[in-house]
Participant: 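I have a structure here, written as structure tokens, and I will follow up with some questions on it.
Convention: sequence-line order gives letters A, B, ...; per-chain numbering from 1.
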Amino acid sequence: MTEIPKTYEPAAIESKWYADWEAKGCFAADPASDKPAYSIVIPPPNVTGHLTLGHVLNNTIQDILARRARMLGKEVLWLPGTDHAGIATQNVVEKTLRKEGAMKHRDDLGREALVAKIWEWKEKYGGIILKQLRALGASCDWSRTRFTMDPEYSACVQRVFVDLYKKGLIYRGKRMVNWCPASLTALSDEEVIMKEQNGLMYHFRVEVVEEPGTFLTIATTRPETIPADTAVAVNPNDPRYTHLIGKHVWRALGERVQIPIIADNHVTFDFGTGVLKVTPAHDKADYEIGLRHKLPVIDVLTPDGKMTALAGAELEGMERFAARKKSAELLEAAGALEKTEPYKNNVGFSERADVPIEPRLSEQWFLKYPSVESSKACVADGSMRFFPDRWAKVYDHWMTGIQDWCISRQLWWGHRVPVWKIRINGDSFRANLALNVLVEDHCQNARIPTPAGDYQVLINRGAWPDQLENGVVGFANKVTHLIPLSNGDFEFRVLTLDSEVISILEETGFTQDPDVLDTWFSSWLWPFATMGWPEKTSTLAKFYPTTDLVTGPDIIFFWVARMIMAGYEYMGELPFKNVYFTGIIRDKQGRKLSKSLGNSPDPLDLIAKYGADALRFGTMRSAPLGTDVIYDEKNVELGRNFCTKLWNAARFRQMHGGETEGEIRPDFLTSDDKWILARLNDVIREVSIALDEYRFSDASGALYRFFWSEYCDWYVEASKATLYGTDEARKANTLAVMDFVFSHTLRLFHPYLPFITEELWNSMGFANDLPAKQGGDTIMFAVWPKPFTSEELGYFCLDETSDALAKAKYATVEAGRGLRRDFNLPGNKKNRFILKPSGALEAHEANVIANLLNAEPFEVDAAFTPTKGTPVALTPIGELFLPLEGLIDVAAERERIGKEITKVEAELDKVRAKLADENFAAKVPAKVLEEHRQREIDWAEKHAQLVKMRDALGAS
RNA sequence: GCGCGUUUAGCUCAGUGGUAGAGCACUCGCUUCACACGCGAGGAGUCGCAGGUUCGAACCCUGCAACGCGCACCA
């Protein structure tokens, strides 16, 4: 047994044990194990990322779950990794390259060179966050670390793309999408955040062509789009305007042209002026109106949000917001601007770039979500559980109104769409032999004429390839699709992952689609693509579906919902059984933590200052289920203080030497021993239930209370009477009880405090006599404590009454300390106390009280008659006197007792009033009535004694 | 606009029908032989507001308010 230093120094201990765990392979998951499986996949952090407090919260929870599962005898897989974070990563690297002067624009480098640079950057900096997770103590199986752009993972993504295309769920469409003018890419609806803006509403006039002198007033927030207006719409039932429908107005800006006045139900009477400018190119709703009325589409914005020549000479080249001001000025100058008023409206912002998005007509790849019904059902019927469960409703709502997902991004970093295409007409078809073969093959199998117009006779070649709807044909190594275009040409698409096919395609003149896929289109496959899918691996067999998923509610749609759908579609099963949604970490003002606000402390600094265990414990203590977490460094300090307490309690135990975990002899158990064993039993149950229900904060609170307020404050202090005594047999027994409690406590704490518990587990010798795999090597595999069996309860002589004496003693001690305080006697000075017991009291028990009270001498005297005015407190064991030689103030003592009597009387009045109410007696359950009667008796008894004590002081 | 959540001590939060709690902060005393990152004692709450149900409400019901979140969105 080695001497423990006086203060806990986490740094060396943490790195020592983490290296030891890794060296012993403690984190490795064995699919061949016959233990029951427990698995979690990490929500892959952004590869550009650094550890934040959000990661600390999220990963500490996962680590607690994983470590406890190991102690419960499960074979645990916690699978780590990162995602490639398309936009964010490309932005970061481009920015760096621009700063270094390596390029001005990505086109300077070109696609291949830039992607190579990003890979270079990723290899160099991409693993930072995973290293940081090690500092936190995360017990991930690092040998299985995955990245969403690993070759195998990329193959999964493209395979899924091809499969969904074959199923007719992925299609290419020209429609209005959310366009980010900063990142120059389309975004999904989920990546658009609506923000309220203080804008302006511009009211401007247009003249009716057919009725010169008649004007319509239109309200708009975007006058810069007037040059793109191709109609003016009114509601068909709006009597103000019905006579104008079918006529025209002069457009107010841009080329002076006539645009029609049309009737459309989309227009509401009472909003604005009831007249709507219709801009099909720049507004989703207007685009729909345009389709209904076959309006032309005029695009006046460049991809990066500048005005085109179509906007007119005055606006051309201007940035969109400058153009807005300018447009208003132009209207004003033309006398068309009626008024401008402040207006609050919601504008969609790009989540990543934080700039207003533009609705933009473009061709993109879309996905109709698969397996929607089973995905909805599993949460609705409870086969997958959400914690807190209110998220189930949010999920269901989203799944019900689900829209097709725009999955293509105009970026270079990501999974490139596995589609090769070529535009063909009759001539090119005949001229290109390889193409000819491909297309003929397709047409034969799709049973359609070739583009050349020849009808191919079907040749029966035995097994037919997949004959799919919409003329899509699936071969073993490719999917083909011939799409007629409006001008009579065709687009021929080949989807394939086969490198031989790809080289043929490229030689034949096909080009690959330039787009990459949304990062979430790869991470939605995470639970199975990380485990070797599509092979039927032993890992999948053992660990899929996973047990728990821990994530933030902010990605419930982005990630969780989509993973569920992918899970059903590709594994035929849900991907995880429970989803725990963490809160969001905020600062004391309730703001989210962010770099730009500077309110986001670096967890590594906190670990350096307080230790990883302290950070974990402090974070978990302050993170209740279902609510956001208010971050305060005080919580980490609390964690650090707790570790020190644990450390010093261990030191105290070690100072007393003796045998480690000696035998506990029931005949030697003191009332204090029984009391702490009963408390241990309570806390084992409490912590286990709390963890089963994902109440991490409650579990940590229970442990904190048990160890500090019960074990240290009472049990250790009470045990000093024995440990500093002379009865060696009793002393050994007390140490045995301490070891028993301590070794259980360390195990209960291990998931929260992995490092300090491992250190103490070993240094205190608890690992010594255990089998290697059950705590002998490491506390990580020590058996999770269970509440006592009835045999154990019997052995320790524990029943409902066994802790009554200890409780009575502690109440007596508190009463005595209260007396000291009342009479300003410092706690560190010995004082004489006399206890006049109401029953028998063993010498040992009196000794414990004396110790806890710092009483010397402590006299137990049933016949004690106090000097008049001696301060006295009523305790469950008897009357406790604090004799104050020469300082007795009878009046003061009378007043003190009088105050107490007043309190007791108030309580007595309360309970008597209830009992006197006839309704109460008649209607209340018998148990409650009995409880109140007992309460009355107790208060009355106390009252009588206090009165007696006051009377004994005489009349003054 | 629809939906969800929160509102309890100065702060952060427990407490789902029967005597209002914890940690931190605060006040007082204490360097006592595990620990001052500590020990002991203490003060502190109209349980958001208004009704209702009940013998009894922090807790159940209704309405309202404030704050937060999600969804939708009218130019």
Participant: Tell me what A/Asp917 touches on the nucleic acid: a base, only sugar-phosphate, or nothing, going by heavy atoms under 4.0 Å.
Facilitator: sugar-phosphate
Participant: Any N or O donor-acceptor pair linking the side chain of A/Lys645 to the base of B/C35 at under 3.5 Å?
Facilitator: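 Answer is yes: a donor-acceptor pair is held.
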Participant: With distance as the sole criterion, do the side chain of A/Arg651 and the base of B/A34 form a donor-acceptor contact below 3.5 Å?
Facilitator: no
Participant: Check every strand shown and say whether A/Arg390 touches a base, only sugar-phosphate, or nothing at a heavy-atom separation below 4.0 Å.
Facilitator: sugar-phosphate
Participant: Using the side-chain heavy atoms of A/Asn641, tell me which of these nucleotides is nearest: B/G70, B/C37, B/C24.
Facilitator: B/C37
Participant: What's the gap between B/C2 and B/G10 when it is taken at their C1' atoms, as a whole Å value?
Facilitator: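 Their C1' atoms lie roughly 37 Å apart.
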Participant: Would you indicate what A/Lys830 reaches in the nucleic acid, counting non-hydrogen atoms under 4.0 angstrom: base, sugar-phosphate, or nothing?
Facilitator: nothing
Participant: Expressed as a whole number of Å, how far does the C1' atom of B/C26 sit from that of B/A44?
Facilitator: 9 Å
Participant: Starting the side chain at C-beta, find the nucleotide from B/G18, B/G40, B/A34 nearest to A/Lys720.
Facilitator: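 Given the options B/G18, B/G40, B/A34, the side chain of A/Lys720 is closest to B/A34.
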Participant: Under 4.0 Å from OP1 or OP2 of B/A20: is there any side-chain N or O of A/Lys910 that close?
Facilitator: yes
Participant: Using a 4.0 Å heavy-atom cut-off, does A/Leu638 contact any base of the nucleic acid, only the sugar-phosphate backbone, or nothing at all?
Facilitator: sugar-phosphate
Participant: What residues from residues 919-927 of chain A pass a heavy-atom cutoff of under 4.0 Å to RNA chain B?
Facilitator: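 Those residues whose heavy atoms fall under 4.0 Å from RNA chain B, taken from residues 919-927 of chain A in numerical order, are A/Asn919, A/Phe920, A/Lys923, A/Val924, A/Pro925.
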